[in-house]
Q: 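Below: one structure in structure tokens.
The analysis underlying the following values was restricted to heavy atoms, covering all of them including side chains, and did not include hydrogens, waters or symmetry mates.
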Amino acid sequence: DTVLNATKHTTELIERYLRNNIRLVLDGYDPEKHREKLPSEKLKAMGFTYLRLAPETYVKQATANAMFRLRQEGFQLIGGGADTHDIVGWLAAAGGSYMSGTLAGVMVNEDELIRDSLLRER
């Protein structure tokens, strides 16, 4: 919601962070609901490359289609709440770049997940 309802000042601050190689994750992104206000073109222009999908969008064909399109555009997709075999399977099949949850590996908090993911890219 912060990015969705950001003032011009907040948007400029986020863009400055992203331009200076500080990687931010846009959390709770709903590709259908946010498509008009936060289209992928705007996200790219701001400098976002990591998107964490809203869990309520999981296991939907429209989300899987959007994930394919977003991956083609260069976004890294993070799925949280991988707590059931169905969700883990769906996220993997739909092309999630990373996932976290009780079935996805060692339990880590959000900051550790993001830090470790960024370190792996270097």
Side-chain angles (χ1 to χ4, degrees):
D1 285 341
T2 301
V3 175
L4 190 61
N5 300 311
T7 63
K8 182 178 180 185
H9 173 72
T10 301
T11 301
E12 290 171 352
L13 185 63
I14 291 169
E15 289 172 350
R16 188 174 335 135
Y17 284 146
L18 293 167
R19 274 194 312 270
N20 286 294
N21 295 321
I22 296 172
R23 299 201 180 157
L24 302 175
V25 175
L26 181 61
D27 195 16
Y29 185 71
D30 181 335
E32 294 300 310
K33 183 174 151 185
H34 298 141
R35 182 173 34 189
E36 288 183 32
K37 226 173 170 186
L38 286 175
S40 58
E41 297 81 21
K42 181 175 181 178
L43 295 174
K44 282 187 138 201
M46 290 179 76
F48 280 104
T49 55
Y50 291 91
L51 306 175
R52 183 187 321 269
L53 300 173
E56 60 271 12
T57 66
Y58 294 173
V59 196
K60 295 180 180 177
Q61 187 61 48
T63 303
N65 296 342
M67 288 174 70
F68 177 79
R69 179 181 46 79
L70 290 166
R71 279 193 332 276
Q72 295 298 313
E73 294 176 19
F75 289 99
Q76 298 289 315
L77 305 173
I78 300 172
D83 298 327
T84 68
H85 292 287
D86 289 340
I87 296 296
V88 170
W90 185 85
L91 284 169
S97 305
Y98 308 98
M99 63 182 87
S100 65
T102 55
L103 295 180
V106 177
M107 196 68 142
V108 295
N109 67 34
E110 185 173 326
D111 292 336
E112 292 171 323
L113 172 70
I114 294 168
R115 183 199 66 226
D116 293 347
S117 297
L118 294 174
L119 287 174
R120 266 193 297 265
E121 285 188 358
R122 292 183 183 194

Q: Any chance you could measure Glu121, atom CD, to Tyr50, atom OH, to the nearest 0.5 Å?
A: 2.5 Å
Q: Is a donor on one side and an acceptor on the other found under 3.5 Å between the side chain of Arg71 and the backbone of Ala94?
A: yes
Q: State, to 0.1 Å, how close Met67 and Gly95 come at their nearest heavy-atom pair, and which atoms those are.
A: CE-C, 4.1 Å
Q: To the nearest 0.5 Å, what is the distance between NZ on Lys33 and CG on Leu4?
A: 8.0 Å
Q: May I have all residue pairs that pass side chain to side chain donor-acceptor pair (under 3.5 Å) and include part of residues 9-19, sequence neighbours excluded?
A: Thr7-Thr10
Q: With a 4.5 Å cut-off on side-chain heavy atoms, are Phe75 and Lys44 touching?
A: yes
Q: With sequence neighbours left out, write down each residue that passes side-chain hydrogen bond (donor to acceptor under 3.5 Å, both in side chains) with Ser40, or none if nothing qualifies.
A: Glu73
Q: Restricting to non-hydrogen atoms, name the atom on Met99 and the atom on Ala82 that form the minimum distance, rounded to 0.1 Å.
A: SD-CB, 4.2 Å
Q: Restricting to side-chain hydrogen bond (donor to acceptor under 3.5 Å, both in side chains), what partner residues turn up for Glu32, sequence neighbours left out?
A: Arg35
Q: Donor-acceptor pair, Asn20 side chain versus Ile22 backbone, under 3.5 Å?
A: no
Q: Sorted by first residue and then second, give each side chain to side chain donor-acceptor pair (under 3.5 Å) pair with at least one member in residues 61-70; sequence neighbours left out.
A: Gln61-Asn65
Q: Between Thr49, Leu118, Leu51, Ile114, which is the residue that forms a side chain to side chain contact (heavy atoms under 4.5 Å, CB included) with Val25?
A: Ile114
Q: Could you grab the distance from atom CD1 of Ile78 to atom CD of Glu110, nearest 0.5 Å is fine?
A: 8.5 Å
Q: Using 0.5 Å steps for rounding, measure from the OH atom of Tyr29 to the CZ atom of Phe48.
A: 11.0 Å
Q: Which heavy atom of Leu53 sits nearest to which heavy atom of Tyr58, and what is that distance?
A: O-OH, 3.8 Å
Q: For Leu18 and Gly47, which heavy atoms make the closest approach, and how far apart are they?
A: CD1-C, 3.6 Å
Q: Can you name the side-chain hydrogen bond (donor to acceptor under 3.5 Å, both in side chains) partners of Glu36, sequence neighbours left out?
A: none
Q: Could you tell me whether the side chain of Asp83 and the main chain of Gly101 form a donor-acceptor pair under 3.5 Å?
A: no
Q: Would you kindly confirm whether Leu91 and Phe68 end up in one hydrophobic cluster when ILVMFWY residues are joined by side chain heavy atoms under 4.5 Å apart?
A: no
Q: Looking at every heavy atom in both Ala54 and Gly28, which two are closest together, and how far apart are they?
A: CB-O, 3.7 Å
Q: Starting from the C-alpha separation in whole Å, work towards a yes-or-no answer on side chain to side chain contact (heavy atoms under 4.5 Å, CB included) for Asp86 and Val59.
A: CA-CA 8 Å; Asp86 289 340; Val59 196; 5.8 Å; no
Q: Quick one: list whatever passes side chain to side chain contact (heavy atoms under 4.5 Å, CB included) with Lys42, sequence neighbours left out.
A: Leu38, Pro39, Met46
